[in-house]
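What follows is a set of notes on a single structure, which appears directly below.
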Protein chains: 4
Amino acid sequence: MTSRRDPEGRRRAMVEAAVQEMIANGSSALTHRRVAERARVPLGATTYYFDSLDDLRAAALQAIVEQVDEELREFAEDVRGCDGRPEGIAALFTAYLSDRERLRAESLLYFAGMHKPELRPFAQHWVLGVTEILQAYASPEAAQATAVYLDGVILHTLLNDRPFDEAALRMAITALMGTSPKDRT
Amino acid sequence: MTSRRDPEGRRRAMVEAAVQEMIANGSSALTHRRVAERARVPLGATTYYFDSLDDLRAAALQAIVEQVDEELREFAEDVRGCDGRPEGIAALFTAYLSDRERLRAESLLYFAGMHKPELRPFAQHWVLGVTEILQAYASPEAAQATAVYLDGVILHTLLNDRPFDEAALRMAITALMGTSPKDRT
Amino acid sequence: MTSRRDPEGRRRAMVEAAVQEMIANGSSALTHRRVAERARVPLGATTYYFDSLDDLRAAALQAIVEQVDEELREFAEDVRGCDGRPEGIAALFTAYLSDRERLRAESLLYFAGMHKPELRPFAQHWVLGVTEILQAYASPEAAQATAVYLDGVILHTLLNDRPFDEAALRMAITALMGTSPKDRT
Amino acid sequence: MTSRRDPEGRRRAMVEAAVQEMIANGSSALTHRRVAERARVPLGATTYYFDSLDDLRAAALQAIVEQVDEELREFAEDVRGCDGRPEGIAALFTAYLSDRERLRAESLLYFAGMHKPELRPFAQHWVLGVTEILQAYASPEAAQATAVYLDGVILHTLLNDRPFDEAALRMAITALMGTSPKDRT
DNA sequence: TATGAATGAGTCTTCATTCAT
DNA sequence: GATGAATGAAGACTCATTCAT
């Protein structure tokens with residue numbers, strides 16, 4: 001059992017357990033009991049540390065957002081590393097797609113944002129972040145188009161067993177990054 | 001109350017109520033009670049007509065799939081009408097995006113497929129359908145890339161109040177439809 | 001489906017189905033639906049022919065009593081055939097015990113009688129019948145003692161996979177049949 | 001209401017209520033509601049303390065088994081007290097038969113064992129126990145025959161208002177206890 | 001006469017939340 | 001501060017019985 005004398009640790013353990021539970025079974029499957037069991041914490045602790053189950057859910061989503069932040073930082077650095085070239089981005093993203101847990105976690109933010117308007121900022125975090133990163137190498141419009149496409153790719157990947165074809169990714173990114181406002185006819 | 005002695009009508013009413021309920025609050029919020037109330041049907045009717053809540057949910061998803069089918073048929077015709085030109089497709093799709101209920105319904109298929117592998121065929125229906133339609137005017141790869149991008153656009157639209165910019169849509173579609181395998185370096 | 005134009009046949013089919021259902025799952029597992037399904041009769045028929053489920057249950061128990069009657073007649077004849085000798089009775093009874101469905105059916109009468117006083121006559125039918133048969137070859141007291149013992153044997157058999165040992169049966173019957181009032185000290 | 005904050009007491013109260021309910025109306029009549037009402041406990045408590053109704057039923061049957069154990073211990077001592085003489089056993093058993101609640105409780109084990117093979121050990125407990133006790137004063141075969149007969153007597157008593165005749169009991173026990181393997185012809 | 005649609009009462013069960021300790 | 005006992009509301013589901021047709 002998580003130590004009684006480490007409030008912060010317990011809190012983290014519960015949030016992490018909530019995230020895992022939501023990834024595994026969806027947001028609505030979250031219950032105090034399951035979190036307590038998974039976090040190896042007494043049942044009472046879940047309500048002692050969080051005012052309500054919704055609070056706990058929100059904390060879990062917040063944790064996912066923070067993880068997304070971290071990923072975006074890494075992604076930004078890696079994109080710099082390959083000088084923003086489409087082939088490089090395609091390779092980086094292919095690697096990103098291989099961690100399905102991560103994708104599922106992100107998709108939780110979408111679910112949440114769709115049914116609770118106040119959670120939309122969480123859901124938009126990823127697209128906005130990617131758009132910003134790509135703007136260093138393409139027009140704002142091209143960057144956004146690419147980010148939106150990549151979101152579609154994530155969706156597609158979550159609904160297929162096979163990984164997304166890297167060549168297709170490269171092709172699409174190349175096409176989209178190269179566009180610019182003047183292309184608008 | 002839905003007229004008694006009209007089994008088919010009652011069934012339809014309940015399925016429709018289930019769809020509405022899921023659109024409003026997500027698949028997991030579906031309960032017999034809410035469906036009964038929305039369909040103006042006694043509680044017992046929901047279990048009399050459907051062996052289980054899962055059955056009812058499945059019927060609702062099936063209904064959405066059928067609606068998607070209908071939309072794909074219309075879309076196919078409209079795309080033919082504009083000769084598959086990107087500007088035309090962008091215009092058509094902008095119109096499509098304006099019906100948020102429809103988008104939310106479709107997104108239900110995605111989320112359902114994410115947590116229940118057996119429902120994946122439902123979830124892939126739309127992308128596969130769009131890809132097939134676009135193949136008449138672009139390489140298979142370009143068609144799929146465009147379809148995946150459009151899925152991303154749907155997601156983006158659902159998470160924003162403002163409608164998706166049609167010019168951006170046109171730009172991206174133009175870029176993606178024009179790609180072909182030989183572009184792959 | 002049992003013919004619509006044979007009311008008596010339908011009735012019999014439902015009663016028989018009820019008996020089978022009760023033998024298989026106990027009296028309390030009886031439902032209109034299961035009877036209708038087993039008897040291949042529309043659901044409505046079960047309430048059309050029987051005022052209530054309890055009525056149907058009673059009819060089923062009555063049918064078992066009638067079967068017991070038939071068995072008692074056979075038993076009486078067979079006992080006459082072996083002149084009431086204990087070895088003969090033991091052999092006959094061993095054969096009787098081999099049909100577990102029959103035993104389970106009889107035990108239903110016991111259950112029923114235990115919880116519904118008005119059904120006690122049904123439950124006592126078997127012991128009284130056997131007692132009467134044996135009285136031709138032993139004192140009333142010996143006959144009753146033997147019948148009670150045989151009831152214990154039925155119980156024992158239903159609770160064991162292995163058949164009851166015929167030698168033990170012969171020994172006990174011999175001992176009990178030979179007793180007489182004057183043995184009472 | 002059973003005092004809160006006395007888990008063991010509440011548990012016992014519910015088990016006892018379940019036993020009473022089953023004695024009164026049979027195993028299959030057991031419901032959470034009736035137990036809660038009889039034990040003067042809120043409905044939720046019944047499922048908080050027992051994972052399922054079957055669990056509660058099992059606990060009740062277990063409690064009956066324990067009571068049977070206690071009775072067997074007493075019976076063993078009393079039988080020793082009368083030196084295993086048939087008249088003594090008959091007298092003891094007559095007293096035993098006078099407590100109908102006890103008989104009904106024991107019969108629950110029989111009926112349970114009949115429909116659920118995994119509960120057979122419970123059902124056989126009494127016969128095996130009595131057989132073992134009597135073996136100190138008779139051959140194993142005679143002991144078993146007597147025990148089986150006594151089971152029949154219990155059944156008979158439960159199905160009759162009048163108590164079982166002690167003289168008949170004495171006669172039968174005398175006859176059965178005196179038998180021995182060599183009597184088998 | 002016969003049937004299957006219909007429903008409301010009642011079953012088991014889960015769980016967020018409260019609160020005594 | 002911490003916990004686990006406690007409970008009431010709500011959920012899925014079953015089914016005897018009623019009744020329109």
Side-chain angles (χ1 to χ4, degrees), chain A residues 1-5 7 10 28-36 41-57, chain B residues 1-11 28-36 41-57, chain C residues 1-5 7 10 28-36 41-57, chain D residues 1-11 28-36 41-57:
Chain A
M1 179 181 296
T2 309
S3 157
R4 202 168 314 199
R5 292 304 195 113
R10 283 199 142 185
S28 57
L30 199 72
T31 71
H32 285 126
R33 280 160 180 75
R34 290 203 217 204
V35 169
V41 143
L43 174 58
T46 57
T47 53
Y48 182 71
Y49 282 82
F50 300 90
D51 283 352
S52 74
L53 191 59
D54 256 343
D55 264 32
L56 178 48
R57 211 188 323 262
Chain B
M1 176 179 302
T2 308
S3 77
R4 294 171 59 155
R5 299 288 151 179
D6 175 12
E8 211 41 57
R10 290 196 122 194
R11 202 188 154 84
S28 57
L30 198 70
T31 71
H32 285 127
R33 278 164 177 72
R34 293 210 216 200
V35 170
V41 144
L43 179 56
T46 57
T47 55
Y48 180 73
Y49 278 83
F50 300 91
D51 283 351
S52 74
L53 189 60
D54 256 343
D55 262 33
L56 176 50
R57 212 190 320 264
Chain C
M1 178 180 297
T2 309
S3 156
R4 200 168 315 200
R5 292 302 193 113
R10 283 198 142 183
S28 58
L30 200 70
T31 70
H32 285 127
R33 281 162 179 73
R34 290 203 218 205
V35 169
V41 143
L43 174 58
T46 58
T47 53
Y48 183 70
Y49 282 82
F50 301 90
D51 281 352
S52 75
L53 191 60
D54 256 341
D55 265 32
L56 179 47
R57 211 188 322 263
Chain D
M1 178 178 301
T2 307
S3 78
R4 296 171 56 154
R5 298 289 151 179
D6 175 12
E8 212 40 58
R10 289 195 122 194
R11 202 188 153 83
S28 57
L30 198 71
T31 70
H32 285 126
R33 278 165 178 71
R34 293 209 218 200
V35 170
V41 145
L43 178 57
T46 58
T47 55
Y48 180 72
Y49 279 82
F50 300 91
D51 282 351
S52 74
L53 189 61
D54 256 343
D55 263 33
L56 177 49
R57 211 190 320 264

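Here is the naming used below: chain letters follow the sequence lines, and residue numbers restart at 1 for every chain.
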- Note on the structure: Heavy-atom closest pair (B:Leu53 atom, B:Leu30 atom, distance to 0.1 Å) is CD2-O, 3.4 Å
- Item | Nearest heavy-atom neighbours spanning A:Pro42 and A:Arg10 | CD-NH2, 3.3 Å
- Taking all non-hydrogen atoms of both residues, which atom of A:Leu43 and which atom of A:Ala36 are closest, and how far apart? CA-CB, 3.9 Å
- Rounded to whole Å, the CG-P distance (B:Asp51 to F:dC13) equals 9 Å
- Position toward the 5' end of DNA chain F (nearest nucleotide), B:Ser52 or C:Thr47: B:Ser52
- Item | For DNA chain E, the dot-bracket pattern of Watson-Crick and G-U pairs whose distances stay under 3.5 Å, | for other-strand partners | .||||||||||||||||||||
- Query: Starting at the 5' end of DNA chain F, which residue's closest nucleotide do you reach first, C:Ala29 or D:Ala45?
  - Reply: D:Ala45
- Item | For B:Asp55, all residues meeting salt bridge (Lys or Arg N to Asp or Glu O under 4.0 Å), sequence neighbours excluded | none
- Look at all strands and tell whether A:Leu56 reaches a base, only sugar-phosphate, or nothing, counting heavy atoms closer than 4.0 Å. nothing
- Message: Let's test your reading of the model: under 3.5 Å, does the base of E:dA5 pair with the side chain of B:Arg10 as donor and acceptor?
- Response: no
- Atom CG of A:Leu43 and atom P of F:dA2: how far apart are they, to the nearest Å? 15 Å
- Item | Nearest-nucleotide comparison on DNA chain E, the residue closer to the 5′ end among C:Tyr49 and D:Arg33 | C:Tyr49
- A:Leu53 atom CG is separated from E:dT14 atom C1', nearest whole Å, by 13 Å
- Rounded distance (Å) that lies between atom P of E:dG4 and atom CG of B:Asp6: 18 Å
